[in-house]
Amino acid sequence: MAPNDPKQSGGFFASIASSISNFGSAMTKSVNGLMGYEGLEVVNPEGGTEDAEEEARRGRWKQEDRDSYWKMMQKYIGSDVTSMVTLPVLIFEPMSMLQKMAELMEYSYLLDLADECEDPYMRLVYTTSWAISVYYAYQRTWKPFNPILGETYEMVNHGGITFIAEQVSHHPPMSAGHAENEHFIYDISSKVKTKFLGNSIDIYPLGRTRVTLKRDGTVFDLVPPPTKVNNLIFGRTWVDSPGEMIMTNLTTGDKAVLYFQPCGWFGAGRYEIDGYVYNSAEEPKILMTGKWNESMSYQPCDSEGEPLPGTELKEAWKLADAPKNDKFQYTHFAHKINSFDTAPKKLLASDSRLRPDRYALEQGDLSKAGFEKSSLEERQRAEKKNREEKGHKFTTKWFDLANEVAATPWGDLEVYQYNGKYTEHRAAIDCLSSSEEIDIKSIEFNPWQYEDLAAN
């Protein structure tokens, strides 16, 4: 196994695919009848229409919805559609992008282990496994709601973590997040670039993720691979993230470089990840291998990338049990994020859980969800117009724009820093000795900073 050339998997399936490529969709439909292939999931990495009827039966699309959506979206082929398109609510999940950011906290115990660990290379094993753990959630093909400017999401009651995220920009859409417990601090400025390709969309994570371990202040920086959502309209929708993930220890110069295998015919290589932890001299120290939908393992290696004699693969992370046949492919943690069990006392009125469109969709009322979504978007446009006419500027609450521009593989990024005010806000609330109980569900969603501007 060469240290700079992670192993290529699925050679058997790949050779089969190359020999039958001329059979096209006919082979795709009949493969489950072949001896030895019973129950194998068929994925066509080039797209295709052979799964359209099955997808419709599963309730995601009706044919008339699919045709209407396709007519609307054709004019956007080749464009970045992050914020320029009003999308139908039937493709959404009952969660906002701010909540999706919080899903990285599900396996936060891995960051606790990294902080407690003395070995610098094992620290990279744990932090990288933590970054990989969220990809099971990312495979969901439903779209989260775009946050309203000023929208927030708060989470407590999980691993001692306090999490706050805020939508800090509308055009372009940008979110900022901060989380911490006794072991680590997590900060993210999140922005994505997209390229709509008709039946698929490329997503480039133009963001910056930093993790600081509290024991000694070691800082890690994450560069994730791009993601591709395949078969948006025709065929079975599925997600792939081929490319490199790089986790760098900015304090020591050590890094982990893992390669996400691209999906081939019959799902060959899908989910598989291989790579190494390197020291600052770029010598391999630990090999890592696994699947982002199952587990990650590690093993010490020599300078050639070969496992050291007398060592064995050990598991660093394993996927937790997930609900069976969940409508939105949610994990137990995703349901926890949407519930008020993880909400603090006196929840901010701008919190994503309170969005009426999100709640209606969660209750299965698509008509009401669509109406509420349109109402929120119209109010956001009206508020922006009002603000501009008055010469006012939107001001973030919990994050400040830093005098720093971060370079990413897909362009430069403005960085937002946590300003500490949320910590003060929560401390003040927790100190209040009030017996008054507030029904959180009765709070009206209110992210608007300038709702009374017309009266000024």
Side-chain angles (χ1 to χ4, degrees), residues 1-9 104 106-136 183-186 188 205 208-226 241-262 269 271-319 408-409:
M1 185 185 299
N4 294 313
D5 182 21
K7 70 179 184 180
Q8 299 294 313
S9 303
L104 254 173
E106 177 167 7
Y107 299 95
S108 59
Y109 73 86
L110 291 166
L111 297 182
D112 297 346
L113 291 175
D115 185 52
E116 296 168 347
C117 182
E118 298 285 348
D119 187 323
Y121 308 126
M122 282 304 301
R123 281 184 151 191
L124 276 164
V125 169
Y126 290 131
T127 54
T128 308
S129 296
W130 162 79
I132 289 167
S133 69
V134 78
Y135 277 82
Y136 180 81
H183 289 289
F184 68 86
I185 299 171
Y186 159 84
I188 182 171
R208 191 183 80 166
T209 299
R210 292 279 170 88
V211 173
T212 303
L213 302 182
K214 287 190 172 181
R215 185 164 61 87
D216 58 7
T218 299
V219 180
F220 295 87
D221 178 82
L222 172 68
V223 178
S241 297
E244 283 186 341
M245 170 185 283
I246 303 174
M247 180 73 81
T248 304
N249 183 328
L250 298 180
T251 306
T252 65
D254 305 331
K255 64 181 178 181
V257 181
L258 300 185
Y259 182 70
F260 285 57
Q261 301 282 352
Y271 312 118
E272 296 185 9
I273 307 174
D274 299 284
Y276 295 89
V277 172
Y278 299 89
N279 63 15
S280 57
E282 298 192 357
E283 300 167 330
K285 290 296 182 181
I286 298 178
L287 65 86
M288 295 184 67
T289 185
K291 293 184 176 183
W292 53 256
N293 68 330
E294 291 181 5
S295 64
M296 287 298 298
S297 298
Y298 65 94
Q299 188 171 4
C301 65
D302 61 24
S303 60
E304 299 299 319
E306 296 297 330
L308 288 177
T311 64
E312 60 183 18
L313 275 175
K314 294 184 178 180
E315 191 174 79
W317 162 77
K318 184 178 181 180
L319 185 74
T408 79

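Index from 1, following the sequence. Just so it is clear, the model here is predicted, and its values are computed rather than measured.
- In this structure, Y298 has its ring center at least 6.0 angstrom away from the ring center of Y121.
- Rounding to the nearest 0.5 Å gives a distance of 10.0 Å between NE2 of H183 and CZ of R215.
- Taking the centre of each ring, Y271 and W292 come in below the 6.0 Å mark.
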Requested in this report: Apply side-chain contact (heavy atoms from CB on, under 4.5 Å) to V277 and M122, showing your working.
Outcome: CA-CA 9 Å; V277 172; M122 282 304 301; over 6 Å; no

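- Separating the CD atom in E118 from the CG atom in D216 is a distance of 8.5 Å, to the nearest 0.5 Å.
- Across all their heavy atoms, P242 and P225 have their closest contact at O-CB, 4.1 Å.
- More than 12 non-hydrogen atoms from other residues, nucleotides or ligands lie less than 6.0 angstrom from NZ of K214.
- Under the 4.5 Å side-chain criterion, counting only non-hydrogen atoms from C-beta, L313 is in contact with Q299.
- Of all heavy-atom pairs between M247 and L124, the closest is O-CD2, 3.5 Å.
- A search for salt bridge (charged side-chain N to carboxylate O under 4.0 Å, His left out) contacts involving K291 returns nothing, not counting sequence neighbours.
- Relative ring orientation between W317 and Y107 is described as perpendicular, the plane-to-plane angle rising above 60° on a 0-90° scale split at 30° and 60°.
- Looking only at side-chain heavy atoms (C-beta outward), C301 and E306 stay at 4.5 Å or farther from each other.
- Separation of atoms CG (L104) and OH (Y135) is listed at 9.0 Å; rounding is to 0.5 Å.
- Considering all non-hydrogen atoms of both residues, T311 and L308 come closest at OG1-O, 2.5 Å.
- With rounding to the nearest 0.5 Å, the separation of CG in D221 from NZ in K255 is 12.0 Å.
- Distance alone, capped at 3.5 Å, places no donor-acceptor pair between the T289 side chain and the D274 backbone.
- Residue S295 comes nearest to K318 through the heavy atom pair CB-CA, 4.0 Å, listed as atom of the first residue, atom of the second, then distance.
- Considering D254, T218, N249, T252 as possible partners of R123, the one that fulfils the side-chain hydrogen bond (donor to acceptor under 3.5 Å, both in side chains) test is T218.
- A tilted orientation is assigned to the rings of Y278 and Y276, their planes being inclined by 30° to 60°.
- Between Y126 and D115, the closest side-chain pair of non-hydrogen atoms is not below 4.5 Å.
- T128 pairs with exactly one of L222, V257, L258 by the side-chain contact (heavy atoms from CB on, under 4.5 Å) rule, that one being L258.
- Separating the CD atom in E283 from the CG atom in D302 is a distance of 11.0 Å, to the nearest 0.5 Å.
- F260 is listed as a side-chain neighbour of I132, based on a closest heavy-atom distance under 4.5 Å.
- If you take CD1 on I185 and CG on L111, they are separated by 12.0 Å, rounding to the nearest 0.5 Å.
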